[in-house]
Structures are given as C-alpha cells and as structure tokens.
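Let me begin by presenting the structure, written as structure tokens, before commenting on it.
These values consider heavy atoms only, across backbone and side chains, with no hydrogens, waters or symmetry-generated copies. Numbers restart at 1 for each chain; the letters A, B, ... are given by sequence-line order, proteins then strands.
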Amino acid sequence: MSVQEIVSFIIMGIGIAFMLVGIIGMFQPKKDFYYRLLVACKIDTIGLLTIGIGLAIRHGFSFFTGKIILIIIIIMVLNPLVAHIIAQAAYRSGYVSICKDGDSFDH
Amino acid sequence: MTVGDIHVLEIFPILVFFISFFGLIISRNIVKAIVLIMLMQTSVILFWLGLGARLGNIPPIFQDATEVYDPNTIADPLPQALMLTAIIIGIAVTAINITLLNALFRKYQTVDWQPMQDLATVDERPES
Amino acid sequence: MAIALTTEILLVFWVVNAIWIVFAKKTYRVMIFFGVFSLITSVIYLFLGAPDVAMAEAGISAFATIFFIVCIEKYYSRGSGLKAEMASAAKPRNYFKLVAAFAFVAMLCGLFIFFVPTTTEYAYTELRDLYLFQFMRDVGGRNAVTAIYLGYRVYDTLFEALLLVTAVVAVIHLSWFDRTIVADGRHSEVERSRMTKFAMRIVCPIILLFGMYLVMNGHISAGGGFLGGLAFALFLVCRFMVLGVYDLPIEKAMKLEELVFINIIILPIFAIFTGFIYFYGYATEMFQNIYLIAMNFLVGLKVAFGFFVLFYRYIAIERLPDKEEVVEAFDDGED
Amino acid sequence: MYIVLAIMLGLLVPYGIRVAIGPSVWDRLLGMNLIACKIIIIIIIFASVSEMTFLMDFAILYAVSGFIGTIFIALFLSERDRRKGQEDKE
C-alpha cells in the first residue's frame, strides 16, 4: 500500500466514525424530532464530505476526482438546505417540541 | 444465488408483484391504488432486466473500443432499451391516472372507492 | 461477489418496503415509503449493469413524488378527503375477507412460480451477441443501449414520443383550466425562505450544465436524450422553486413540443430509412455521431417540454375551484 | 473499500427503522433524506471499485432528484398542516 492509500483510508475511517456516532444521536430516548435533525444532518454532511475527500485523495489527479468535487459541491449546498427546509416546514406546521428534561427548545 | 430452481432476480419481482396485487385487493384508497400500480410496473421492469443480466454484470458501454470483452459478463442491452421507454410511458400513464383522480375528487369530494360508488349509483338512478 | 451480496440485501429491503406501502394507514406515509422504494430500485438497476435505466428511474421518482404530493395536497386542503380517510380507517377490518384475499394471492403466486419457465432459459441469446458486437459498425457510438433505441429499434422511440404527446394532450383536456392565473403572473401560495432561493440559484446552473453534458455524451457514456430531458425539466422545477411565478408560456411550450415531435419523425426518415448512415465511406463515423447527437438533443427537448407542461399544469393551473365553480368546471369538461 | 460498503449497507437498517416507526411525518422525511445520502456513498464507492467513471453521473442526478423530491414533500406538507391548524383555530 502506498502512502496515498493509507492517508485516504484514515480520512474515510474518520468519516465512518462520524456516521456511526450519529446513530447514537438518532436513537436517544426522550428526545424529539428537532434534536434528531440537529444531530443527523450535520453528521451526515460531514461524513459524506470526508468520505468524498478520502476517495479523491485515493484517485489522485484525474477525471474521477473532478466529478467527486462536483458531487461534494452539490451535497454541501443541498444537504443543509434540505435540513433547513424540513425544520422550517415542521416549525411552520405547528409541530411542538416535546422535550421535558430542561434543555428543550423555546419557541 | 438461487432458491431451489429459481434465481433471486426472478423470485423477488414476482413477490413484489403479488404483494402489490394483494394491496390492490384490500385497500380502498385510490391514491394508494395508483402507487401500487406503479409498484407492479417497477417489479415487471426488474424482472425484464433480470432476463438479460446477472448480479455484478458490467454495463454495455465500451469506453475502450479496441479492448475485447467476455460477452457473458456484459448485461444484455435489448431489455434495457425496451425498459427505458417503458419507464417514460409509465410516468405518462401515472400522470393521466392522477388527472382522472382529480376529476373524480372534484365531482364526489372523496378518494375512497366505496362512498364514490354509492354516490355514482345515486346519480345514475332514473328520476321518477 | 461482494456486489452480488450487496444487491441481495438491497432486494430484501426492497420487498420490506413494498410491504410497508401495502399496510400504511395514512396517504403521506405511502408517499414517503414510495420515495424510499424508488431510491432503492434505481440502485438495484445500477448493480444489474443498467445505468441508463437506473438514471431514468431516479429522475422519474422525483417527478412521481411531486405529482402525488401536489395531488394529495389538493384533496387534503379541502378537509373532506381527510375526513373520508379517517372514517375508512376507523372502520373495523373484515378479517375473513383479508385472509381470503391473502390465500387467493398466495395461490396465484405459487402457480406462477411453479408453472412459468425460469428466465435462465431465455438469457444469453444470440441476438445479444449480434447487438453487442455489431452496433459500433452499424449505428456508431460506444453505448449499446443508445444504439438500440436510436438505431435498430427506432420505431420504439417514435411511438414512445407519440405516447408522451398523447399523455400531455389528455392531461390538458381532462384538467381544469383558468386562463387568468397565467395571465396575471400570480405567485404561488407556498412560502419559501431566502436561504432556499439562494441555494437554488447556485444549484440551477449546475443542473442545466449537467443536462447538456448528458445529452452531448449520450452516445459515448451513460446518459442520452431521456435523461438529459429529465435534467432540463428538473432545471425548470428549480426555476419555479426560486421565483415562484406562474409566468411561463405553457401554450408555446405545447406548440414547441409538437414541433419537436415532427422533427423526431423527420430525422430518422432522412437518416436511417434512406440508409444514409450505413454507407461505409470516408465520413461515416462523423455522420453517425452527428445523427446520434441530433436525435438525442431532439428527444431531450421533447421529454423536457413534456414534463415541463405536466409539472406546470399540476402545480400552477390545476387549482381546486370553490364550491360554486365545481359544477361549472365539470360542464366545461364534458362538452 | 468493501468494508465501507458493508458499513453503509448496515447503516441503511437503523434509518429504515426510523422511517418505519417515526412518531411524526418529519421523522420519516428525515430518514428518507439520510437513506438517500447513504445510497449516494454506496454509488460513489461502487464507481471507485469498478473503475467506471460514468457512474458518477448517476450519483449527481440521484442527489439532485432525491433532494428535490424531499423538498417538495416538506413544503407541501407544511402548507397542509398550516391550513388545517388555521381551520381548527377558526
């Protein structure tokens, strides 16, 4: 294995670690939808970006890397946008937070 | 992978086809019926694609024209070309279905089969 | 081997999704399950070695979701649809009928599995070898699927385009139309935040460029007219998301669609039916490439206009009229 | 590389459970968005393993179409619930 591959595997491992930690956030008991959204979308965007960067390093300077960068740009714009729109739609439709343990959202 | 004599790519589309058929029998919501018809179409398309390809086949696109490929590792292009047109036709049929549903809803103000049928029989009764 | 195992796991998830759809109680749950179902379906197509079909399914799933969700929003907005659904959900199920239906369907499924010959008898035919090893000389390009639907079986494409025209005409004649909504350039009722508009402004040009790329590379790599057309139509959807104005001329788009359809018929007559691209001469490959790109471009325009008309018809014009207008709209429709 | 593929496939299961049992419709929508993200990673890794660059086009179209579908579902469902809430107040 060359140095390039080892570096790419380390970066992809970091991304996968992020995603696996995100599952704990998704299944916290006594937490509501806004908490899950806050955890899941950030973790997801970061994980996808990290894995994409790892793959780009693995392939070096090629046509494949250019397409990965295009996908990264699209994901960077669209994934937070989707999180924003889902949260805004839930808030506007009157969905109220049901957190009872003191750190609930105040709106 | 095969189950008995039958390949996985045959048994799963057949299962989904009959599951959606069962759903068409038991459900009374028209929107759900349209979705289930789309499901049946999807399963038929997957069955057709499984006719000419096996799992892990490479697509019939030759980036390097001079290289010689083993034909048994390439997916069959004919079902793909047929199914490409079938998908577009399917969405056109779905659009017409939804338009007809809108017209029905405008007339009867419901999306359930049963009340709609009752109202329709009331309409067709001759005036005495 | 790993890819085969991946696909088998996805197939199991696919069937589970279908069962969710059948037993879902609310209509919006059906919509979300259907979205997940389409997403998984397109990946299975990809692993079967069919990237063109997979891309078509991915683009179609977005449009199917939009059509369904607009339709559901229409009948939910009146409230009576919701009441009807609640009433039907509150009724107790007849378990005898349920079991009888299940037995009937299981019997049909068993009959089908045991008496229909397996597909391994049909796979790997000689026709496939003919297509795979002759298409570069006969039609040109590097993509066998494009070569089949633009060369060997061009009649299929012609009738598919005819069917799309028919569908658009049928939708327009069956749905309710108000001329003033288009003329006023009215804004949509759905609110958007400033962040949505900003992000969509970044994504819009990328989608348009990507659609051009798909159409131009349709004969060399995966892609082609249908998928490029879907990308163009997604660009128009994004434009609606940014501006939210119903000011685009639908009637002109319909005229253009019919014009493009006539061109789709004329071009193969001059290129294929006269044998023009089959001469093995000096410039054959150039002519073949010109024919393929032009045909892909026309098909893409056709699909883009068709979906554009369908989308605007659903989103903008087809509004549920008030109670007094209901009867009137129906009288217009039936004449 | 196949390890990454296997982990992504395993991650489909909890998000699928979230789609199935989610208490509100917004949880289901969130699960759908996350599943779309995982599948994009699966496609990218498949393209990288099999060295077929043109599969990246599929990933781009997939990202755009899946996200636009999600955005439309969210916007229209919020409109519906808002209108219903207003009717309840009236």
Side-chain angles (χ1 to χ4, degrees), chain B residues 1 5-8 10 12 14-16 18-23 25-26 28-29 31-32 35 39 42 49-53 55-62 65 71 74-78 80-81 83-85 87-89 91-92 94-96 98-99 101-103 105-107 109-112, chain C residues 3-4 7-8 11 15 18-19 22 27 30 34 41 48-53 56-57 60 63-64 67 71-72 75 80-81 84 88 98 101-102 105 108-109 112-113 118-119 122-123 128-129 131-132 142-145 148-149 153 156 160 163-164 167 170-171 174-175 221-222 226 310 326 330:
Chain B
M1 200 176 105
D5 209 11
I6 308 161
H7 199 267
V8 166
E10 295 155 22
F12 280 108
I14 290 172
L15 266 181
V16 168
F18 283 104
I19 285 171
S20 41
F21 188 61
F22 176 66
I25 291 177
I26 66 166
R28 283 184 305 193
N29 192 343
V31 180
K32 206 164 154 183
V35 171
L39 246 68
T42 308
L49 285 180
L51 218 76
L55 297 174
N57 276 10
I58 63 169
I61 297 167
F62 302 97
I74 305 172
D76 195 350
L78 179 63
Q80 295 187 20
M83 289 306 113
L84 195 61
T85 52
I87 285 181
I88 307 282
I89 289 170
I91 192 72
T94 309
I96 294 177
I98 295 176
T99 314
L101 169 65
N102 281 337
F105 180 71
R106 239 183 283 138
K107 190 163 184 180
Q109 301 286 318
T110 177
V111 291
D112 204 330
Chain C
I3 298 300
T7 320
E8 279 155 12
L11 274 168
V15 175
I19 296 173
V22 169
T27 318
V30 172
F34 177 69
T41 314
L48 275 177
D52 299 277
V53 188
E57 176 74 28
I60 283 301
F63 276 97
F67 290 166
C71 167
I72 290 172
Y75 82 76
S80 52
S88 69
L98 211 69
F102 182 75
V105 171
L108 273 183
C109 188
F112 196 87
I113 286 176
T118 53
T119 58
Y122 302 114
R128 181 202 55 177
D129 292 345
Y131 283 145
L132 278 180
R142 296 273 178 274
N143 189 347
V145 179
I148 287 176
Y149 77 75
R153 300 188 65 91
D156 282 0
E160 181 266 343
L163 217 140
L164 197 56
V171 165
L174 284 171
S175 61
S221 74
F226 298 116
L310 286 181
V326 171
F330 251 87

Find the one option among [options] whose heavy-atom pairs under 4.5 Å with chain C are most numerous.
{"options": "B/Thr94, B/Leu78, B/Ile25", "value": "B/Leu78"}
{"options": "B/Leu15, B/Thr85, B/Ile58, B/Leu39", "value": "B/Leu39"}
{"options": "B/Gly23, B/Pro60, B/Ser20", "value": "B/Pro60"}
{"options": "B/Ile19, B/Leu49, B/Ile61", "value": "B/Ile61"}

Side chain, backbone, both or neither: which part of [X] has a heavy atom under 4.5 Å from chain B?
{"X": "C/Thr41", "value": "side chain"}
{"X": "C/Ala101", "value": "both"}
{"X": "C/Phe34", "value": "side chain"}
{"X": "C/Asn143", "value": "both"}
{"X": "C/Phe67", "value": "both"}

B/Asn57/B/Ile74 under side-chain contact (heavy atoms from CB on, under 4.5 Å): CA gap, chis, key distance, verdict:
CA-CA 5 Å; B/Asn57 276 10; B/Ile74 305 172; over 6 Å; no
Working to the nearest 0.5 angstrom, can you tell me the gap between B/Ile89 CD1 and C/Leu163 CG?
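Output value for this atom pair is 5.0 Å.
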Straight-line distance of C/Arg128 CZ to B/Leu51 CG, nearest 0.5 Å
11.5 Å
Between C/Thr7, C/Leu132, C/Asp156, the one whose heavy-atom pairs under 4.5 Å with chain B are most numerous:
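Among C/Thr7, C/Leu132, C/Asp156, the one with the most close pairs to chain B is C/Leu132.
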For the pair B/Ile91 and B/Ile87, evaluate side-chain contact (heavy atoms from CB on, under 4.5 Å) and give the outcome as yes or no after the intermediate values.
CA-CA 6 Å; B/Ile91 192 72; B/Ile87 285 181; over 6 Å; no
I would like to know whether C/Glu160 and C/Tyr149 meet side-chain contact (heavy atoms from CB on, under 4.5 Å); could you show each step before the answer?
CA-CA 11 Å; C/Glu160 181 266 343; C/Tyr149 77 75; over 6 Å; no
Is there a donor-acceptor pair under 3.5 Å between the side chain of C/Glu57 and the backbone N or O of B/Thr42?
no
Could you go through B/Val31 and B/Leu101, starting from their C-alpha distance and side-chain angles, then the distance that decides it, and tell me whether this counts as side-chain contact (heavy atoms from CB on, under 4.5 Å)?
CA-CA 8 Å; B/Val31 180; B/Leu101 169 65; 3.7 Å; yes
